[in-house]
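First the structure, in the form of structure tokens, and then the observations on it.
For reference, positions follow the sequence shown, starting with 1. FYI, side chains are in, hydrogens and waters are out, and symmetry mates aren't considered; it's all heavy atoms of this structure.
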Amino acid sequence: MSQETERIGQLRDELNRHNHAYYVNNAPTVSDREYDLLMKELEALEAAHPEMDDPLSPTRRVGSDLTKGFTQVTHRRPMLSLGNTYSVGEVDEWLTRCNDMLGNSGGIASVPIVGELKFDGTSISLTYRNGRLVRAVTRGDGEKGDDVTENVKTIRSIPLVLATGDWPEEFEIRGEIVLPWKAFDRLNEERAFNEEPLFANPRNAAAGTLKTLNPAVVAGRGLDAYFYYILANSMPADNHYDNMLRARSWGFKVSEAMMLLDSEEDVNSFIDRWDKERRTLPVATDGLVFKVNSLHSQLNLGYTSKSPRWAIAYKFPAERALTKLRFVSFEVGRTGVVTPVANLEPVLLSGTIVKRASLHNEDIVRSLDIHDNDMLYVEKGGEIIPKITGVDTDAREAGSGPVKFVTHCPDCGTELVRVAGEAAWMCPNKYGCRPQIIGRLEHFVGRHMMDIDGVGEENCVQLFDAGLVRTIADFYNLRPGQLERLSGMGPRTAQRIVDGVEASKNVPFERVLFALSIPYVGETVSRRVARQVKSLDRLREMSREQLVAIDDVGPRIADSIIEYFSSEHNCEIIDRLRQAGVRMEIEEAPQTGTSDILAGKTIVISGVFALHSREEYKAMIELNGGKNAGSISKKTSFVLAGENMGPSKLEKARSLGVPLVNEDEFLSMLG
């Protein structure tokens with residue numbers, strides 16, 4: 001073996017140790033710079049020695065940029081769900097029942113229990129052979145799941161090669177893939193900026209990320225994993241607790257909260273403790289799990305048709321906190337709508353510090369009867385967006401008055417107008433109100449719009465305040481020399497922005513239309529209008545009646561389009577965009593897969609998909625004559641249902657008798 005190939009092995013071992021120290025133990029042993037230098041050295045050596053290729057090398061953690069659709073794999077041992085309870089009393093009854101079934105007359109002390117946190121993520125089963133990861137499979141329907149091995153390899157807290165230990169030659173370990181709160185907040189901030197739908201909670205985000213067909217995207221999301229059960233023909237120990245301690249020594253992330261409990265009092269104390277302390281955890285939890293420790297006792301207790309008798313899950317109630325209202329601010333969005341926001345005394349809720357919560361509109365403020373300095377109830381219930389659910393009127397200060405909605409724009413001072421038929425108030429000063437202008441700039445550069453590389457929310461504010469960009473057309477006049485004079489803007493960043501602006505000239509017309517910020521013309525409507533109208537010139541000429549005849553365009557949208565083009569300011573911007581080379585008409589290209597198979601059908605998409613993205617399915621529906629809808633009603637023809645379909649949508653579909661169609665059935669339908 002040459003020195004270089006020997007060095008490859010040394011670097012892989014060293015980087016694996018550093019990964020474990022950083023991602024599992026939260027105790028890094030080297031600086032980021034030192035780690036990066038080691039990684040670059042390994043990358044260079046592997047490139048020089050392709051014969052040393054190893055799919056489990058630390059260099060593979062970033063993920064490739066392409067993978068095929070997921071293969072379904074049958075679980076060697078079914079992945080059953082646990083019986084749930086929200087009652088401490090029912091947990092105690094379960095303990096007594098286990099004791100009775102095992103013939104123990106000496107009380108609960110004779111049946112040791114292991115208490116664990118119930119992480120709120122997506123279940124995973126990993127198989128290791130000779131200390132190396134060979135397969136990762138989702139829970140699926142419990143009998144079979146999707147092979148997501150390539151995606152799981154990118155999760156840095158999961159060992160690809162185990163540390164030396166007494167692990168079985170082949171074993172399966174089960175756990176939960178989670179998205180930590182910090183990574184979740186960062187992801188939703190990015191999605192909000194790009195005007196993509198926010199993930200409701202870390203569980204949905206983790207499930208959606210794990211089923212992404214691009215491992216490089218998975219690698220960038222920051223997923224984590226905790227493990228809680230081992231299965232093998234030959235186990236290291238005869239009890240669950242010691243087996244999990246062994247797993248921890250092999251390199252797996254096993255929660256420090258795991259505890260051996262010897263009595264009913266211990267179990268109840270465990271519940272009381274974590275009902276409070278879970279709020280400080282870096283990841284989402286929705287309850288606790290209790291398991292009989294002895295594997296022999298687990299075998300004797302057996303299973304029902306759905307779940308093991310030797311384990312039970314205790315679910316926490318939705319989190320609710322009481323905190324003081326400091327003041328209500330009024331914020332102006334890009335469309336001019338003024339939103340009241342409750343600014344609160346900071347309170348810890350579902351793992352994050354909540355300081356603000358939207359009050360949506362004046363009607364909600366009045367219905368809640370919120371007064372100055374009131375004590376407000378805030379809930380999350382696992383959802384990301386905090387919600388004000390009530391007021392503690394008993395704690396109301398004497399003499400405090402009701403919160404009053406502003407009558408003038410808090411930014412430009414223009415008198416507000418009420419939106420006809422709605423609860424919203426808006427500032428009519430569209431072209432002179434700073435937050436509206438900046439909001440339109442931010443929208444224009446977003447990923448689903450013009451996707452201008454290098455320009456984010458802060459850049460838009462900086463460019464506006466410097467007087468370089470006051471309308472969306474001004475982006476096309478930017479030059480590197482102008483940008484380099486701005487604070488924190490070096491030559492490379494300046495050139496990246498200019499190149500991003502130039503590349504945006506190739507964005508398809510339907511996205512250009514969406515980027516214009518015409519009120520009520522969202523992404524779906526823009527796509528529908530662009531495909532029927534073909535060009536912006538044609539759209540400018542259309543009458544109200546012609547516009548309403550387009551699918552998804554009602555009177556309100558038609559009036560908004562006409563009003564937009566009646567503005568000389570907007571028409572001037574469009575002319576400047578045209579002169580800059582931005583596409584103003586749809587590219588006529590032969591479209592494959594077009595038909596009228598779905599003509600007359602209204603389809604709702606829900607869940608997480610393996611073979612195509614939601615956007616791809618939306619496009620398929622439209623190309624084959626169907627219509628996309630966001631909510632289920634009597635008019636819904638069927639639901640294209642993926643994994644983890646929302647329970648409310650599932651219940652509504654069942655109550656209305658709306659059929660559910662899975663991916664394979666849908667694609668077969670299209671031939």
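Atoms CG and CE, from Asn506 and Met450 in turn, are 9.5 Å apart once rounded to the nearest 0.5 Å. The CG atom of Asp411 lies 8.5 Å from the CD1 atom of Ile438; values are rounded to the nearest 0.5 Å. Taking SG of Cys460 as the start and CD1 of Ile452 as the end, the distance is 8.0 Å to the nearest 0.5 Å. We find the CD1-CD1 distance between Ile364 and Ile370 to be 9.5 Å, quoted to the nearest 0.5 Å. Rounded to the nearest 0.5 Å, atoms CZ (Arg496) and CG (Leu483) are 12.5 Å apart. To the nearest 0.5 angstrom, Met542 atom CE is 9.5 Å from Ile562 atom CD1.
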Q. Is there a side-chain contact (heavy atoms from CB on, under 4.5 Å) between Leu223 and Thr209 once you walk through the steps?
A. CA-CA 8 Å; Leu223 291 175; Thr209 298; 3.7 Å; yes
Q: Verify side-chain contact (heavy atoms from CB on, under 4.5 Å) between Leu187 and Leu179, making sure each step is shown before the conclusion.
A: CA-CA 10 Å; Leu187 175 59; Leu179 190 68; 4.0 Å; yes
Q. Could you go step by step and tell me if Val604 and Leu640 meet the side-chain contact (heavy atoms from CB on, under 4.5 Å) rule?
A. CA-CA 6 Å; Val604 172; Leu640 175 52; over 6 Å; no
(Q) Determine whether Glu331 and Ser329 satisfy the following criterion, side-chain contact (heavy atoms from CB on, under 4.5 Å), listing intermediate values before the conclusion. (A) CA-CA 6 Å; Glu331 302 180 2; Ser329 58; 3.4 Å; yes
Q: Please test Arg326 against Asp372 for salt bridge (charged side-chain N to carboxylate O under 4.0 Å, His left out), starting from the C-alpha separation and ending with a verdict.
A: CA-CA 8 Å; Arg326 295 175 56 232; Asp372 294 328; over 6 Å; no
Q: With salt bridge (charged side-chain N to carboxylate O under 4.0 Å, His left out) as the test, would you mind laying out the steps for Glu622 and Arg531 before giving the verdict?
A: CA-CA 10 Å; Glu622 292 183 0; Arg531 288 175 181 170; 2.8 Å; yes
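Closest non-hydrogen pair, Val338 versus Cys427, comes out as CG2-N, 4.4 Å. The two residues Cys571 and Arg540 come nearest to each other via the heavy atoms SG-NH2, 3.6 Å. Between Gly222 and Ala183, the shortest heavy-atom contact is O-CB, 4.1 Å. Between Val507 and Met449, the shortest heavy-atom contact is CG1-O, 3.6 Å. Minimum heavy-atom separation, Ser566 to Glu563: OG-O, 2.6 Å. Across every non-hydrogen atom of Val553 and Ala558, the tightest pair is CG1-N, 4.0 Å.
Side-chain contact between Met620 and Leu667 is present, with heavy atoms from C-beta onward closer than 4.5 Å. Side-chain atoms of Arg418 and Glu362, non-hydrogen and from C-beta on, do get closer than 4.5 Å to each other. Under the 4.5 Å side-chain criterion, counting only non-hydrogen atoms from C-beta, Lys627 is not in contact with Lys601. At a threshold of 4.5 Å between non-hydrogen side-chain atoms, the residues Asp146 and Lys211 count as touching. Contact check for Leu468 versus Asp474: no side-chain heavy atoms found under the 4.5 Å cut-off. Using a 4.5 Å heavy-atom cutoff, the side chains of Asp465 and Arg434 are in contact. By the 4.5 Å heavy-atom criterion applied to side chains, Glu415 and Thr407 are not counted as neighbours. Between Leu359 and Val341, every side-chain heavy-atom pair lies at or beyond the 4.5 Å cut-off.
Under a 3.5 Å cut-off, the side chain of Thr122 and the backbone N or O of Ala206 do not form any donor-acceptor pair. Ser567 places no side-chain N or O within 3.5 Å of a backbone atom of Tyr564 that could act as its donor or acceptor partner. Side-chain atoms of His569 do not come within 3.5 Å of backbone N or O of Lys430 as any donor-acceptor pair. Not a single donor-acceptor pair under 3.5 Å links the side chain of Asn624 to the backbone N or O of Ile621. With hydrogens and angles disregarded, a donor-acceptor distance shorter than 3.5 Å links the side chain of Arg470 to the backbone of Phe464. Here the side chain of Gln482 pairs a donor or acceptor atom with the backbone of Arg479 at under 3.5 angstrom. Side chain of Glu442 to main chain of Ile437: no donor-acceptor pair is present (N/O by atom type, distance under 3.5 Å, no hydrogens or angles). Counting only distance, with no hydrogens or angles, the side chain of Asn628 and the backbone of Lys618 share a donor-acceptor pair below 3.5 Å. Of the possible polar contacts, one joining the Asp374 side chain to the His371 backbone as a donor-acceptor pair under 3.5 Å is found. Side chain of Ser560 to backbone of Ile557: no donor-acceptor contact under 3.5 angstrom is found.
Judged by distance alone, the side chains of Tyr431 and Asn570 do bring a donor and an acceptor atom under 3.5 Å apart. Side chains of Ser517 and Arg440: no donor on one and acceptor on the other come within 3.5 Å. Using a 3.5 Å distance cut-off with no hydrogens or angles, the side chains of Gln495 and Asp499 do pair a donor with an acceptor. With no hydrogens or angles considered, no side-chain donor-acceptor pair links Tyr476 and Glu502 at under 3.5 Å.
The aromatic rings of Phe666 and Phe638 are tilted relative to each other, their planes meeting at an angle between 30° and 60°.
The side-chain tip of Arg320 points at the ring of Tyr377 from less than 6.0 angstrom away and within 45° of straight on.
A salt bridge does not link Glu585 with Lys534: every distance from a Lys NZ or Arg NE/NH1/NH2 to an Asp or Glu carboxylate oxygen is 4.0 Å or more.
By the ring-ring contact (aromatic ring centres under 6.0 Å, His included) test, Phe330 is found to be paired with Phe405, residues two or more places apart in sequence or in another chain being considered.
Environment of NZ in Lys505: crowded, with over 12 heavy atoms of neighbouring residues, nucleotides or ligands closer than 6.0 Å. At most 12 non-hydrogen atoms from other residues, nucleotides or ligands lie less than 6.0 angstrom from CD of Glu457.
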